[in-house]
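Remarks on the structure that follows.
Hydrogens, waters and symmetry mates play no part in the numbers below; they use all other heavy atoms, side chains included. Naming: A, B, ... by sequence-line order, numbering from 1 per chain.
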Amino acid sequence: MELSGANILIESLKQEGVEYIFGVNGGAAMPIFDALYEHPDVKLIMMRHEQGASHAADGYARATGKVGVTLATSGPGATNLVTGIATAYMDSIPMVAITGQVFTHLMGNDAFQECDVIGVTRPVCKHSYLIKSGDEVADVIAEAFHIASTGRPGPVVVDFAKDAQIHESLFRYPEKVNIRSYKPKVEGHPRQIAKAVELIHNAERPILYAGGGVTLSNASEELRELAIKTGIPITVTLMGLGAFPETHPLSMEMPGMHGSCCANYAFTDSDLVIAIGARFDDRVTGDLTKFAPNAKKIHIDIDASCIGKNVPIDVPIVGDAKRVLAEMNKLVHRVDIEPWMRQINEWKEQYPFEYEQNGDNIMPQYVIEQIYDLYSDAIVVGDVGQHQMWAAQYFKFTEPRQWLNSGGLGTMGFSLPAAIGAQLGCPDKTVVNINGDGSYIMTIQELVPAITMKLPLKIFIINNMYLGMVRQWQELFHQKRYAAVDYHDNPDFALLAEAFGATGIRVERIEDVRPALEKAKGIDDGPVVIDFIVDEEENVFPMVPAGAGLGDVIRGLA
Amino acid sequence: MTEERHIFSVLVENRFGVLARIAGLFSGRGFNIDSLNVAETDDPDVSHMTIVTHGDAQIIEQIYKHLNKLIDVIKVTDLTVENHVEREIVLIKVYAEPQRRGEILQIVEIFRAHTVDVGPDSLIIEVTGDEGKLKAAIDLLRPYGIQELARTGKIAIMRGIAK
């Protein structure tokens, strides 16, 4: 049967099991939206800005592990997607971003709403395609999904010319994708695995350092087995939180700039670092010359270009974390590291995450503790800034895909639309959005689809009336010159929520924090926004200043 | 770390946009391309690129890995560490008044080069060879006045059959 390119696209998405497309309509994508009109299987979620659409697709992908799909028109629609594509790229999130493009005969002519999308997105996506004819659609979509979801996952851009959307051709979906130049290596080399196991068995002060790659490869079970079988203490990065339960005695919690003192000291004193799906990011390592100076390093990663990029590696293992860990688990046994564990436990006891109560102010950490107490099973979607670090520190994550945030690109405005995607992907879970006053207002318009769909999102704003993280740096490193961070002129977010049609609650006193959170639990016919007015100048500690070594962590402002 | 010159032989899918992806890989990381040659192979679906670049060992390793990571790249070989043959062609337009033409043609002969165009006051000379030979020929012709010069960039392939 002959179908239009737009209909072939939708049929192809059906073949890939796509339930939702997050999009915003526009001229050059109209045939696609027309094909989606009242479609029984593939539902279009009408977001209010293309950036929101891309983050929603991203949040859906992070929560479910499936490929997120976003759709926008040409030109400004496509350029608005770019932040979301780059966000997904930095965190290796499987996504297919479809953009309408002007008619092929107009391309390159500065046509209305024309933009070289392939050119603009090239450095921020895993791969991209330009469809100029309807008969290419099925093959391109099959390849795009294959590339987005295999190897090191990432976003794939499909730019789709309008005449190709209209042009009719025969629909035949390829049964198998075979790209001769793309064969990700998933099995780790047995000799390398044996070498790693030998190092593990001979180490005196080993630590496991796991990242987002563990979650991406669904290797959380295998990671738990490795840690528990060997008895090696473990730190999990911001991107991997929940891959190993933070409540477990072996957990040292998060490492890095605002990580636990224990994890940072453990890196510095260790004699073996076993990195799994983590990339030695600058926010984790601090000054590279002082990073784990006495440790041998094992690095398991599916992306060969990640290995040895920042830190020299003694035993590189290219492969899928799940497969490699499963092989390792067959060979490892318990290691005798009692003195090291004593030291680790001493650090944990001596330097827990802690804060001081300031007068009658609501401390932001207190709010997170209360959220954790009432919503410990929820999916938590964090934004970017101080609240993100407090959430990472004070909420104890126990399951993979429980904590979603923009770790790599650090995109403010990510969380509200991502929470929408997460809630649609996991309708039976409670989704908590921990947001900041600065980040919330960047994508606040996405309250509209959340309200329309009656999504029971719990939107908790840690409102300190500042771009708090920048203000903290200004306080510490710029002589308190608070340039362009004062957000006291923000609107009343509770009133604004009501104006949108959601429930809005403003909390200004400590004793109102818990009752408000309890009340939010009972609201399930739409989003609830709680605006917590917190201590304005509280800082995030511990802190490893940019450029310092992990051993030079500032524990607090005492 | 010391900088080294490396020659990468890269087989890529012959599709639009591939060159931009490769160029973007270098420019986005601040790596430099010394020369780049692209043309179809015997198989019209596949293009061969010869990329000459330089950097310390870590940069060269990153270039190798990132080239491999590109979806459209079929195969990457660092020819610097392999036994290989390399060639380049240069076209040199040199001033050649009738009284000096004889000297220039002698140089052409010594280098087994070719004269490919003759004008009233100039000659275009084609020299093929490795880098050293091209440099020697250009240096010898420079005193006569080089008006224009164009090089193909290096092309290179491995000797023998890869096992």
Side-chain angles (χ1 to χ4, degrees), chain A residues 86 89 92 104 107-108 116-132 136 139-140 143-148 150-159 177-185 279-280 288 299 301-313 316 318, chain B residues 1-2 4 6 8-33 36 38 40-49 51 53 55-78 81 162:
Chain A
Y89 185 59
S92 310
T104 50
M107 283 175 67
D116 172 10
V117 174
I118 298 296
V120 167
T121 57
R122 190 181 300 116
V124 296
C125 68
K126 186 173 174 183
H127 198 53
S128 51
Y129 292 91
L130 170 63
I131 300 179
K132 290 165 84 176
E136 302 165 35
D139 286 339
V140 165
E143 284 191 18
F145 274 76
H146 177 67
I147 290 170
T150 54
R152 181 179 181 173
V156 176
V157 173
V158 177
D159 196 27
V177 175
N178 182 20
I179 307 170
R180 63 175 159 183
S181 55
Y182 175 73
K183 307 269 181 224
K185 185 170 160 10
R279 57 188 175 91
F280 295 89
L288 283 172
H299 192 179
D301 207 293
I302 192 137
D303 180 359
S305 74
C306 255
I307 298 181
K309 184 177 63 178
N310 300 331
V311 173
I313 300 298
V318 180
Chain B
M1 277 197 267
T2 49
E4 278 180 11
H6 280 249
F8 286 105
S9 160
V10 187
L11 289 177
V12 300
E13 296 289 350
N14 185 7
R15 289 192 191 124
F16 78 91
V18 177
L19 179 59
R21 287 183 213 278
I22 299 231
L25 181 163
F26 280 82
S27 63
R29 291 174 179 79
F31 302 157
N32 208 9
I33 298 177
L36 170 69
V38 197
E40 231 175 71
T41 62
D42 192 35
D43 175 354
D45 290 339
V46 178
S47 289
H48 182 268
M49 290 193 185
I51 304 171
T53 182
D56 62 33
Q58 209 224 348
I59 289 180
I60 295 299
E61 187 186 327
Q62 279 293 306
I63 292 173
Y64 177 78
K65 286 175 170 174
H66 279 283
L67 283 169
N68 263 313
K69 198 170 152 179
L70 287 175
I71 309 287
D72 285 332
V73 168
I74 301 165
K75 188 172 164 43
V76 185
T77 315
D78 184 352
V81 296

Relative to chain A, which segment of Tyr64(B) carries a heavy atom at a distance below 4.5 Å: side chain, backbone, both, or neither?
-> neither
Just grab all the salt bridge (charged side-chain N to carboxylate O under 4.0 Å, His left out) pairs involving residues 116-132 of chain A, residues at least two apart or on different chains.
-> none
So which of Glu13(B), His66(B), Arg21(B) has the largest heavy-atom pair count under 4.5 angstrom toward chain A?
-> Arg21(B)
Looking only at heavy atoms, what is the nearest atom pair of Val46(B) and Asn14(B), with distance?
-> N-CB, 3.8 Å
Max heavy-atom pair count under 4.5 Å with chain B, selected residue of Pro184(A), Gly151(A), Ser305(A) = Ser305(A)
Between Arg279(A) and Asp301(A), does at least one N-O distance fall below 4.0 Å, as a salt bridge requires?
-> no
Hey, what's the ring geometry for Tyr129(A) with His127(A), parallel, tilted or perpendicular (30° and 60° as the breaks)?
-> perpendicular
